[in-house]
Amino acid sequence: MEQTFIMIKPDGVQRGLVGEIIGRFEKKGFSLKGLKLVNVEQPFAEKHYQDLSSKPFFPKLVDYIISGPVVAMVWEGKNIVTTGRKIIGATNPSDSAPGTIRGDFAIDIGRNVIHGSDSVESARKEIALWFPEGTANWQSSLHPWIYE
Ligand code: DAT
Ligand code: MG
């Protein structure tokens with residue numbers, strides 16, 4: 001089953017949005033496979049966002065991610081990378097539809113509350129980076145009520 005890496009950014013933690021965000025993924029029917037609250041070190045944040053290292057906003061982005069604890073998660077479900085990105089909404093909250101997490105809870109691009117992997121390949125890399133210890137192995141007993 002497909003997995004994705006989801007991170008609630010420091011603003012989402014500070015603003016008390018952790019339960020709300022987890023609830024949206026749970027209620028959709030996705031399964032939580034890994035979860036931890038972590039203070040990220042600068043080199044680790046730079047590694048997570050290494051593909052963006054040439055962008056002018058990169059230093060600000062790294063400062064933001066290390067400004068407080070983040071909630072790092074692995075979620076699992078059918079087509080979860082694409083569907084997770086839809087639940088999260090467009091990168092810039094000005095463009096995020098109401099009903100999405102960023103559309104409902106964010107205003108500025110530099111405080112957009114949540115990260116989600118953008119492809120199955122980046123999900124694989126991000127899960128390996130954030131959860132080198134591995135994730136939990138379980139299956140929801142609701143599986144037959146969610147999948148046909
Ligand atoms: P996403 O987080 O939707 O995958 P991304 O990977 O392109 O978007 O960029 C990572 C983060 O960097 C994004 O959540 C917010 C910030 N960012 C992206 N583009 C930006 C820009 N033009 N100006 C300022 N911050 C930006
Ligand atoms: Mg991205």
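Both ligands and their constituent atoms are indexed starting at 1 by order of listing.
- Proximity of L52 to ligand 1, defined as any heavy-atom pair under 4.0 Å, is confined to the side chain (atoms from C-beta onward).
- The N/O atoms of H115, backbone and side chain alike, include none that comes under 3.5 Å of an N/O atom in ligand 1.
- In this structure, R85 is part of the shell of residues with a heavy atom less than 4.0 angstrom from ligand 1.
- Protein heavy atom in closest approach to atom 14 (O) of ligand 1: N112 ND2, 2.8 Å.
- Ligand 1 has at least one atom lying under 4.0 Å from a heavy atom of K9.
- Between R85 atom CZ and S119 atom OG the span is 9.0 Å, to the nearest 0.5 Å.
- Rounding to the nearest 0.5 Å gives a distance of 6.5 Å between CD of E2 and OG1 of T82.
- For the pair D118 and ligand 1, no heavy-atom separation below 4.0 Å is found.
- Contact of the T4 side chain with the T83 side chain is not registered, since no non-hydrogen atoms from C-beta on lie closer than 4.5 Å.
- To the nearest 0.5 angstrom, N112 atom CG is 11.0 Å from I101 atom CD1.
- Counting non-hydrogen atoms of neighbouring residues, nucleotides and ligands closer than 6.0 angstrom, the CD atom of E121 exceeds 12 such neighbours.
- Salt bridge status for R24 with D104: present, with a side-chain N to carboxylate O gap under 4.0 Å.
- Only the side chain of R102 comes within 4.0 Å of ligand 1, counting heavy atoms alone; its backbone N, CA, C and O stay farther away.
- The Y49 neighbourhood of ligand 1 comprises atoms 10 (C), with distances under 4.0 Å to a heavy atom of that residue.
- Not a single heavy atom of M7 sits closer than 4.0 Å to an atom of ligand 1.
- Contacts between L61 and ligand 1, counted as non-hydrogen atom pairs separated by less than 4.0 Å, involve the side chain only.
- Residue-level proximity to ligand 1 for T91 is carried by backbone and side chain together, each with a heavy atom below 4.0 angstrom.
- Note: F25 and W75 meet the aromatic proximity criterion, with ring centroids under 6.0 Å apart.
- Summarising the contacts of atom 25 (N) of ligand 1 with Y64, F57, F58, the nearest heavy atom is found in F57.
- H115 is listed as a side-chain neighbour of E126, based on a closest heavy-atom distance under 4.5 Å.
- The presence of a protein heavy atom under 4.0 Å from atom 7 (O) of ligand 1 is ruled out.
- Across all their heavy atoms, V18 and I8 have their closest contact at CA-CD1, 3.8 Å.
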